[in-house]
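Remarks on the structure that follows.
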Amino acid sequence: MFTLQQIKDAHSKVKSGADFPAYIREIKQLGVTGYQTFVTDGHTEYTGGDNYRVSSDAKYAALAIAPVSNKATFEGYLKAHQQGQSDYPAFCQQSADTGVEKWVVNTDTMTCTYYDLAGNVMLEEKIPG
């Protein structure tokens, strides 16, 4: 099974949102079936086969998640991030400001789904394969 170090090594190649698809392909090859990243502190829970799970530590001081989501503004921030116009810390702050609680990646379906605090889907995107 995969280790957090292997995931960190793959993630170290990500410089902007434009690098995200290659990162997903790489961790999928490691055996990661999915993960969820929590915007409040940046920790991520990774899953693999046979109920294998590993979790990362918090990445930054806790952010307050806006109680009311703003999908349109979030979509603009996401598009800019995917084009390399923001770094990861800025994108996490923007996500919190627009009410994103977490995002969930499924490497089988190659989707990334963003959720608000109420558990509603704000956006689901297909990850380029």
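Throughout, residue positions are numbered sequentially from 1 according to the sequence presented.
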- Message: The test is side chain to side chain contact (heavy atoms under 4.5 Å, CB included); show your working for L78 and Y114 and say whether it passes.
- Response: CA-CA 11 Å; L78 177 62; Y114 300 86; 3.4 Å; yes
- Could you give me the CA-CA distance, side-chain angles and deciding distance for C92 and Y60, then say whether side chain to side chain contact (heavy atoms under 4.5 Å, CB included) is met? CA-CA 10 Å; C92 291; Y60 45 78; 3.5 Å; yes
- Please test L4 against Y46 for side chain to side chain contact (heavy atoms under 4.5 Å, CB included), starting from the C-alpha separation and ending with a verdict. CA-CA 9 Å; L4 273 180; Y46 300 90; 3.9 Å; yes
- Applying side chain to side chain contact (heavy atoms under 4.5 Å, CB included), run through E125 and L123 and close with a yes or a no. CA-CA 7 Å; E125 286 196 313; L123 178 67; 4.0 Å; yes
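Taking T107 as the reference, I24, K28, T33, V105 meet the side chain to side chain contact (heavy atoms under 4.5 Å, CB included) condition, with sequence neighbours excluded. Legend: residues meeting salt bridge (Lys or Arg N to Asp or Glu O under 4.0 Å) with E101, ordered by chain and number and at least two apart, are absent. Among residues two or more places apart in sequence or in another chain, the side-chain hydrogen bond (donor to acceptor under 3.5 Å, both in side chains) test is passed with T111 by T109. For E75, the salt bridge (Lys or Arg N to Asp or Glu O under 4.0 Å) partners two or more places apart in sequence, or in a different chain, are K71. Taking E26 as the reference, K13 meet the side-chain hydrogen bond (donor to acceptor under 3.5 Å, both in side chains) condition, with sequence neighbours excluded. Residues forming a salt bridge (Lys or Arg N to Asp or Glu O under 4.0 Å) with K79 (at least two apart in sequence, or on another chain): none. Taking the salt bridge (Lys or Arg N to Asp or Glu O under 4.0 Å) definition, one finds that K126 meets it with nothing, sequence neighbours left out. Every ring-ring contact (aromatic ring centres under 6.0 Å, His included) that F38 has, sequence neighbours left out, goes to H43. Under the side-chain hydrogen bond (donor to acceptor under 3.5 Å, both in side chains) criterion, T40 pairs with no residue, sequence neighbours left out. Every residue meeting the ring-ring contact (aromatic ring centres under 6.0 Å, His included) condition with Y52, not counting sequence neighbours, appears here in chain and number order: F2.
The backbone N or O of S95 sits less than 3.5 Å from a side-chain atom of T98, completing a donor-acceptor pair. A donor-acceptor pair is defined here as one N or O able to donate and one able to accept, closer than 3.5 Å; no such pair exists between the side chain of T47 and the backbone of R53. When atom types are taken as modelled, the side chain of T37 and the backbone of G42 share no donor-acceptor pair closer than 3.5 angstrom. With hydrogens and angles ignored, the 3.5 Å screen pairs no side-chain donor or acceptor of N106 with any backbone N or O of M110. For Q6 (side chain) and T3 (main-chain N/O), a donor-acceptor pair under 3.5 Å exists by modelled atom type. Of the possible donor and acceptor atoms, none in the side chain of R25 sits under 3.5 Å from a partner among the backbone N and O of F20.
Taking both residues in full, the closest heavy atoms of Q94 and S86 are given as OE1-OG, 4.2 Å, listed atom of the first, atom of the second, then distance. Considering all non-hydrogen atoms of both residues, E45 and S55 come closest at CG-OG, 3.4 Å. Nearest heavy atoms, D116 versus S69: OD2-OG, 3.5 Å. Contact record, A96 with A64: CB-O, 3.4 Å, taken as the closest heavy-atom pair.
Q36 CD to C112 SG: the interatomic distance, rounded to the nearest 0.5 Å, is 11.5 Å. Interatomic distance, NZ of K102 versus CD1 of I65, reported as 12.0 Å (0.5 Å rounding).
Ring geometry for F91 against W103 counts as tilted: the plane angle lies between 30° and 60°, on a 0 to 90° scale.
Using a 4.5 Å cut-off between side-chain heavy atoms of Ile, Leu, Val, Met, Phe, Trp and Tyr, Y77 forms no hydrophobic cluster with any other residue. With a 4.5 Å cut-off between side-chain heavy atoms of Ile, Leu, Val, Met, Phe, Trp and Tyr, the cluster of V121 takes in V104, Y115.
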